[in-house]
Amino acid sequence: MSNIFEESKTRAFIKNEGVDYNTTVTTQELPLEDFAENLQIDVISLNDEDITFDVKGIDPAFANALRRIFISEIPTMAIEKVNMWQNTSVIPDEVLAHRMGLVPIKVDPRLFEVKGKNEDHNENNCVQFNLHIKCTRKNTPEAQNRENDILPENDEALFNHASVYTSDMKWVPIGTQEEKFKNTPIRPVYEDILLSKMRPGQEIEMELMCEKGVGKTHAKWSPVSTAYYRLLPDIALKEEISGEEAQELKSKCPMNVFDIEDTGKLFVKNSRVCTTCRECIRDEKFVDKIKLAKVKNHFEFTVESVGMYKPEEIVTEGIKILKEKVKCWKNTMKGMEEDEE
Amino acid sequence: MSDSENEQIENQDEPMIEEENSVDNEEIVDAKEEEEVDIQPLTIDNIEDDNKNATFTFYDEEHTLGNVLRNTLIKNKNVDFCGYTVPHPSEPYMKLRVQSNKKDAKVVLKHGFKRISKECDIITEKFLESVAKFKQTQMED
């Protein structure tokens, strides 16, 4: 029994129903050197869109604070004000304006300031786009024959600008922005987002003003599509399984965690891919043969970027924001004490 | 009802509506101004036992800071009790209760801030290291 007790300090055990998780709070502050030594971070995968990394040796509170910050407190630029001069398309003004707000904008938000309540738009707090587009009939005999209009799939062949894409948004530099962003022109992250469909004679003319904000205010400012963590699975066999049983267990797992050696013995090939589906311990006969657990201080983060930041930048920015938050409160306290004196 | 009567009724109604609107607007503006004046980023209440116990109310904070702060302070050996709450999800306040056995609660809290800040530094450093390492191994492949 004492073994299980000792193990429950570092592991959460997955049961057929629920999880056995004993909260263990270390009431001693680890010296910073030990914290640094225990902390282990490994990048598992990284590309232009997402990053997966392991963090071992932090508390759940810290992991969750980071996750919450990635989602809702990293500032980005998004369309906030729309001046609509003309909209004769089928999408109502307010729906189109909201739709524009959700378009991710490729620009480094760190170069901008948050617009104050009574401030006007200027080069330091605003990025402007114009969208002016009109759908017209092409000058071909097919297009001139109105009987062809009936089928909507003909639209692209018969009309100019039957579909409005984000590539139609034109960046309008304010002040010195043109010089400042010479090497990294400001544009929507994706050029092929369909904004609206139009028919001949319809027209859209808008001025789009981007402002800096955070996901807390509105999800359009969130730099991530998903940011989550999970505990690393720890799977082991308590006793040897071979022969038919091994074959059975191997085929039970949809993620192929188990494999069979040449000798016919079952072994754990890759425990990381386990999704905690519990399929392997559903049958009574395997319950006591498999240890299905999670490592309590080993977090596997996955951060998927929308495209405003590189995925690894989201992580560093998130930690920076937590640090700034703490620093800000420390200064507030200092200020209060000075006031008292 | 003839057209002229209709016009009369409209004319009578109009000034009434305008007055109501103007009064409403003024009230709203007043209320907003008052609210802005009242906001204090940090308040300290229930100070007891020679400043060792205190309740801090943080403006515009939530579980993000609350939980991480509680978690850090609880490990401090000078702290007897520490807990946090967000009293209502639609009000932007977070309350933190600190009860220390030796030191001023403010000192304890400041120590907690420092600790979090240092942990952030270490995590950033290690993270950048591992990203660099990962990129290097990818280049080699």
Side-chain angles (χ1 to χ4, degrees), chain A residues 25-30 32-33 35-37 39-47 51 53-55 57-69 71-73 117 216 301 310-313 315-337, chain B residues 32 36 40-44 56 58-80 82 84 92 94 96 104-107 109-138:
Chain A
V25 179
T26 36
T27 44
Q28 268 185 342
E29 200 170 52
L30 221 55
L32 270 174
E33 299 83 49
F35 174 80
E37 209 173 293
L39 184 73
Q40 205 181 323
I41 300 181
D42 291 304
V43 178
I44 307 296
S45 75
L46 170 65
N47 55 41
I51 182 169
F53 61 100
D54 273 6
V55 183
I58 59 169
D59 293 316
F62 215 100
N64 197 40
L66 290 182
R67 183 193 62 87
R68 287 174 65 98
I69 288 171
I71 292 171
S72 69
E73 286 182 52
K117 231 181 193 174
K216 225 197 255 182
F301 275 84
K310 285 180 193 157
E312 67 267 32
E313 277 176 346
V315 180
T316 47
E317 281 296 304
I319 304 170
K320 207 197 277 173
I321 282 165
L322 179 59
K323 206 186 149 188
E324 267 164 27
K325 199 191 262 287
V326 163
K327 195 173 148 195
C328 174
W329 284 116
K330 211 161 64 184
N331 289 340
T332 311
M333 286 188 77
K334 251 185 218 161
M336 280 173 81
E337 275 163 21
Chain B
K32 267 188 183 169
E36 274 170 24
Q40 282 223 317
L42 183 66
T43 49
I44 308 173
F56 302 88
F58 296 82
Y59 177 75
D60 209 13
E61 286 296 348
E62 281 181 338
H63 305 277
T64 307
L65 186 73
N67 198 16
V68 92
L69 207 51
R70 189 202 105 242
N71 194 68
T72 313
L73 289 180
I74 225 168
K75 291 180 180 177
N76 191 330
K77 61 177 183 296
N78 294 323
V79 174
D80 276 350
C82 180
Y84 87 98
M94 186 271 288
L96 184 87
D104 190 319
K106 280 186 219 160
V107 176
L109 184 61
K110 265 193 268 179
H111 180 81
F113 284 145
K114 253 183 234 165
R115 170 82 188 188
I116 295 170
S117 171
K118 278 175 190 162
E119 286 185 8
C120 283
D121 285 341
I122 294 170
I123 293 174
T124 315
E125 193 187 308
K126 289 239 174 174
F127 178 75
L128 290 175
E129 254 173 43
S130 65
V131 168
K133 210 169 97 189
F134 181 83
K135 280 183 178 167
Q136 209 182 355
T137 49
Q138 272 212 323

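Letters A, B, ... are given to chains in the order of the sequence lines, protein chains preceding strands, and every chain is numbered from 1. For clarity, every value in this text was computed on a predicted model and none was experimentally measured.
For the atom pair L42(B) CG and T332(A) OG1, the distance stands at 6.5 Å (nearest 0.5 Å). The structure places CE of M333(A) at 6.0 Å from CZ of F113(B), a figure rounded to the nearest 0.5 Å. Going from atom CG of L322(A) over to atom CG of L65(B) covers 7.0 Å, rounded to the nearest 0.5 Å. Interatomic distance, I51(A) CD1 to F134(B) CZ, rounded to the nearest 0.5 Å: 8.0 Å. In this structure, the separation between CD on E62(B) and OG on S72(A) is 7.0 Å, given to the nearest 0.5 Å. K327(A) NZ to I116(B) CD1: the interatomic distance, rounded to the nearest 0.5 Å, is 15.0 Å.
Using a 4.5 Å heavy-atom cutoff, the side chains of E337(A) and K106(B) are in contact. You'll find the side chain of Q138(B) stays beyond 4.5 Å of the side chain of L46(A), heavy atoms only. Between T64(B) and K216(A) the shortest side-chain heavy-atom distance does not fall below 4.5 Å.
No other option in N67(B), I123(B), T137(B) has as many heavy-atom pairs under 4.5 Å with chain A as I123(B). Interface remark: of the candidates I58(A), V315(A), I44(A), V315(A) forms the most heavy-atom pairs closer than 4.5 Å to chain B. Contact tally against chain B (heavy-atom pairs below 4.5 Å) for F53(A), F35(A), W329(A), F62(A): the top residue is W329(A). Per-residue counts of heavy-atom pairs under 4.5 Å with chain B were compared for I69(A), D42(A), L66(A), L30(A); the largest is that of L30(A). Contact count versus chain A (heavy atoms, under 4.5 Å) is highest, among K114(B), R115(B), K110(B), K118(B), for R115(B).
Contact of N78(B) with chain A is not made at all, since no heavy-atom distance falls under 4.5 Å. Using a 4.5 Å cut-off between heavy atoms, K323(A) contacts chain B through both its backbone and its side chain. Proximity to chain A is absent for every atom of L69(B), based on heavy atoms less than 4.5 angstrom apart. For F58(B), the parts lying near chain A are the backbone and the side chain together; criterion is any non-hydrogen pair under 4.5 Å. Contact annotation for E73(A): only side-chain heavy atoms (C-beta onward) come within less than 4.5 Å of a heavy atom of chain B. Of the atoms belonging to K320(A), not a single heavy atom falls under 4.5 Å from chain B.
Counting non-hydrogen atoms of other residues, nucleotides and ligands closer than 6.0 Å to NZ of K330(A) gives a total above 12.
Listed by first and then second residue, the salt bridge (charged side-chain N to carboxylate O under 4.0 Å, His left out) pairs that reach into residues 123-137 of chain B are E312(A)-K135(B), sequence neighbours excluded.
Closest non-hydrogen pair, S130(B) versus I41(A), comes out as CB-O, 3.2 Å. The nearest pair of heavy atoms linking E119(B) to L32(A) is CG-CD2, 4.2 Å.
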